[in-house]
Asks: 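One structure coming up, written as structure tokens, with questions to follow.
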Amino acid sequence: MAKSYTAKDITVLEGLDPVRRRPGMYIGGVGPTGLHHLVWEILDNAVDEAMNGHAANITVTLHADGASVTITDDGRGIPVDLHKTSKRSALEVIFTTLHAGGKFEHGTYRTAGGLHGVGASVVNALSKELVATSRRDGATWEQHFTQGKPVAKLKRMGKARGTGTTVYFRPDATIFPKTTFDARLIAERLETASYLHKGIKVVFEDESSGERHLFHHDEGLIDYLRHILADRNTPAVHAAPFTVVREHTASNTRLDLALQWTESTDEHLRSYVNGIPTGSGGTHENGFRAGLGRAIRNFIDTHGLAPKGVTLTTEDIREGITGVLSVFIPDPQFQGQTKERLNNPELGSVIDGLVRPALEHWLNHNISVAEAIVARITLAARARAASRAAQQAVTRKSATSNRLNLPGKLSDCTSPGTRGSELFVVEGDSAGGSAKQGRDRVHQAILPLRGKVLNVESAPLAKVLENKELSDLVTALGCGLGKQFELTRLRYDRVIILADADADGNHIATLLLTFLYRYLPKLIANNHVYLGQPPLYRIDAGKQTFWALDDNQRNTILDDITQRNGRVRPEVTRFKGLGEMMPKVLWETTMNPKTRRLLRVSIADQLRTDRVIADLMGRDASARFRFIMDRAEDADDLDV
């Protein structure tokens, strides 16, 4: 009988308990990324003071143990007076209460990176020890915390010269598997802050190595762009970068932009909002790209520079761009506490309106530079039209005479030869989208198929040849069909069928295998066909994550967890399909050659294989009926 479910089974987490129970919700995980996110949260608060003109110096100290950090700024200092509602000091409220801070009202901070009011309290909750010190009103105030709870009340330590805030913290080893910080990563983040907020001085002291670094850049993003170009070792098409520093009064938005076209074949844009890196982009990047494209097209049309015989695309215009986009806005709407993507819908048109006229003006007043940029864009367009052969005019081996003959929904790889290349035949457009984002673009191509393909075993040849999905697959493979088949023209080293890990996915994989077996048997005979093995379940047990292909593997993993640690309560998530998986998860579990599992398709017994396919997929339904009835007792669980 099922256990009763009543009000006593409802748990209410108070204070900072939710953070300690589910840290991933607040810092993205407990691995190295989450660990360093603690530093970024406190650092962002110090940068916010500098960004609003209240601080000029920030010092970050990584202590000799490598597992504790102190961050100091010369800002206004955290308020220490009594908070009217909670009857506690404002400092204690900030460090012990979620969604408490001074950034919800615009009068305190014009722009800020920390807006959710959870940063300081989250760091406190996940720290074994934290000490907050505030210097203001001529006095120094200090309070100690452990695992998010105050050890004692706020204490006045004596007189103070100047103002500012100091936060020392040591992450809790019961939360984080490893608590050692990466000095190089911290130094890079601090140097980036000094680029984005030109004029401020940021000092990094590494006690373990005895090194001390001062980061200070008066030219801001221009210095940053030079640094990026030197790191990437990519020659620039024009010497002087295009820069914009503008404000949009109506939305109180400030734009800081620096970019150059280079000889590289990719686009490299680093974007920030209020000093926070937005690695997943957002509306500010969309607005930048829209404004960039319109400005370039307007200049080309105005001066009659459109190339003959080729159409310029947005990808051609952006190819080779290296740039830094920094935006400051009063109310950023970030996607989650880790703030990797900006979602403000109104910002796209604002940034477009700031970038487009500025770039048009710059192009029209630097004609020789502009013509060099247009020549670079034209080169990219002609390379794309000639099979996108990078800059060396090396065309990818293809059975088709022109790459433009390939299926439109095929996202091809850029590898110039077949060796090591892979074609993932993916079930559905949504799964195809995740696969395209998560793949290795150099070696992995994606061909999404819509729904269940035709069952070729019970269809005439004419109907098979007319089927769009199968026709696209044959065209992408490039090796022909039937008598026209030539293995040497195959465009990929591996053909990987990637379908959902459920009954429908197995059916789709069977339909595709039937087609390959009947019409492209040499692909199987020469070991070119594989089955991807996506997980059906994700199992989170404490700080560990496991992936299970099916129910049996799920049960085995759960039993193993119970035997090793009976106190851990595993959380089991069943994926509805590949499209539900984030691109990063799909890459790590199913597409990454270092971590994935593949099944190579081979024929051990030709006659038996032929008979089974004819019985299961042929027109004679009685053969399938007999097959099912003979094996009915073996069916334990049915996925229907």
Side-chain angles (χ1 to χ4, degrees), residues 15-16 19-20 23 26-27 35-50 54-55 57-63 65 67-83 85-104 108-109 112-172 175 179 181 186 203 205 337:
L16 299 180
V19 182
R20 294 185 61 82
Y26 299 88
I27 60 171
L35 177 70
H36 288 85
H37 193 79
L38 302 184
V39 180
W40 313 153
E41 287 287 358
I42 302 300
L43 175 64
D44 289 346
N45 290 337
V47 169
D48 288 344
E49 285 288 291
H54 304 301
N57 298 279
I58 298 172
T59 300
V60 177
T61 302
L62 177 59
H63 296 291
D65 59 8
S68 58
V69 174
T70 296
I71 299 177
T72 301
D73 66 65
D74 59 354
R76 293 168 292 180
I78 298 175
V80 294
D81 51 319
L82 198 67
H83 190 261
T85 305
S86 66
K87 305 302 180 183
R88 296 177 294 161
S89 71
L91 184 147
E92 182 176 330
V93 171
I94 288 171
F95 278 92
T96 60
T97 308
L98 292 174
H99 307 294
K103 299 167 189 175
F104 296 103
T108 308
Y109 291 88
L115 292 157
H116 300 156
V118 302
S121 56
V122 165
V123 175
N124 191 20
L126 301 178
S127 295
K128 179 67 176 178
E129 177 186 9
L130 185 144
V131 181
T133 306
S134 177
R135 299 176 301 283
R136 58 180 292 146
D137 304 324
T140 298
W141 302 83
E142 187 174 282
Q143 188 165 13
H144 291 245
F145 303 86
T146 181
Q147 296 181 335
K149 297 179 180 179
V151 175
K153 291 185 178 181
L154 180 68
K155 183 178 180 182
R156 177 170 177 162
M157 305 302 293
K159 295 182 179 180
R161 296 181 61 183
T163 59
T165 300
T166 299
V167 177
Y168 162 87
F169 68 92
R170 179 191 303 278
D172 194 339
I175 300 290
T179 57
F181 290 101
I186 295 175
V203 174
E205 297 178 346
Q337 175 60 19

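Note that the numbering runs from 1 along the sequence shown for the chain.
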Asks: Could you tell me the separation between the CD1 atom of Ile78 and the CZ atom of Arg136, rounded to the nearest 0.5 Å?
Replies: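 Taking CD1 in Ile78 and CZ in Arg136, the distance rounds to 9.5 Å.
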Asks: Could you pull out the closest heavy-atom pair between Pro23 and Ile175, with the gap in Å?
Replies: CG-CG2, 4.3 Å
Asks: Which heavy atom in Pro171 sits nearest to a heavy atom in Phe181, and how many Å separate them?
Replies: CG-CZ, 3.5 Å
Asks: Judged by atom type as modelled, is there a donor-acceptor pair below 3.5 Å linking the side chain of Glu49 to the main-chain atoms of Arg76?
Replies: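 Indeed, once roles are kept as given, a pair shorter than 3.5 Å links the two residues.
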Asks: If you define the side chain from C-beta out and look only at heavy atoms, does anything of Phe145 sit under 4.5 Å from Pro150?
Replies: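 The answer is yes, as the side chains (C-beta and beyond) meet within the 4.5 Å cut-off.
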Asks: Looking at side-chain heavy atoms only, is the closest gap between Thr61 and His63 below 4.5 Å?
Replies: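 A side-chain contact under 4.5 Å exists here.
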Asks: Would you mind reporting whether Leu126 and Tyr26 have side-chain heavy atoms less than 4.5 Å apart?
Replies: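 No, their side chains stay 4.5 Å or more apart.
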Asks: Grab the two heavy atoms, one from Gly77 and one from Ser134, that are nearest each other, plus how far apart they are.
Replies: C-OG, 3.5 Å
Asks: Heavy atoms, side chains only, cut-off 4.5 Å: are Phe169 and Val39 in contact?
Replies: yes
Asks: Could you grab the distance from atom CD1 of Ile58 to atom CD1 of Ile42, nearest 0.5 Å is fine?
Replies: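 With rounding to 0.5 Å, CD1 (Ile58) is 12.0 Å from CD1 (Ile42).
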Asks: Between Asn57 (side chain only) and Asp74 (backbone N and O only), is there a donor and an acceptor less than 3.5 Å apart?
Replies: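 The answer is no, because no donor-acceptor pair under 3.5 Å joins these two groups.
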Asks: If we only count heavy atoms from C-beta on, is the Ile186 to Trp40 side-chain gap below 4.5 Å?
Replies: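 The answer is yes; the side chains approach within 4.5 Å.
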Asks: Taking the side chain as C-beta and beyond, is there a heavy-atom pair between Leu43 and His36 under 4.5 Å?
Replies: no
Asks: Report the residue from Leu130, Val69, Asp65, Leu38 that forms a side chain to side chain contact (heavy atoms under 4.5 Å, CB included) with Arg170.
Replies: Asp65
Asks: Report yes or no: does Arg20 contribute a side-chain atom to a donor-acceptor pair with the main-chain N or O of Ala125 at less than 3.5 Å?
Replies: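 Yes: the side chain of Arg20 pairs with the backbone of Ala125.
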Asks: Any chance you could measure Ile71, atom CD1, to Thr59, atom OG1, to the nearest 0.5 Å?
Replies: 10.5 Å
Asks: Measuring from Gln143:CD to Leu154:CG, what's the distance to the nearest 0.5 Å?
Replies: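 Atom-to-atom, Gln143:CD and Leu154:CG are 5.5 Å apart.
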Asks: Got Thr96 and Arg88 here, is their nearest side-chain heavy-atom distance under 4.5 Å?
Replies: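 Yes, at least one pair of side-chain atoms sits under 4.5 Å.
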Asks: Do side-chain atoms of Thr163 reach the backbone of Gly75 as a donor and acceptor pair under 3.5 angstrom?
Replies: yes
Asks: If you compare all heavy atoms of Val80 against all heavy atoms of Ser89, which two are closest, and at what distance to 0.1 Å?
Replies: O-CB, 3.6 Å
Asks: Could you go through Thr166 and Arg135, starting from their C-alpha distance and side-chain angles, then the distance that decides it, and tell me whether this counts as side chain to side chain contact (heavy atoms under 4.5 Å, CB included)?
Replies: CA-CA 8 Å; Thr166 299; Arg135 299 176 301 283; 3.0 Å; yes
Asks: Quick one: NZ on Lys128 to OG1 on Thr179, what's the gap to the nearest 0.5 Å?
Replies: 12.0 Å
Asks: What distance do Glu92 atom CD and Thr97 atom OG1 have between them, rounded to the nearest 0.5 Å?
Replies: 8.0 Å
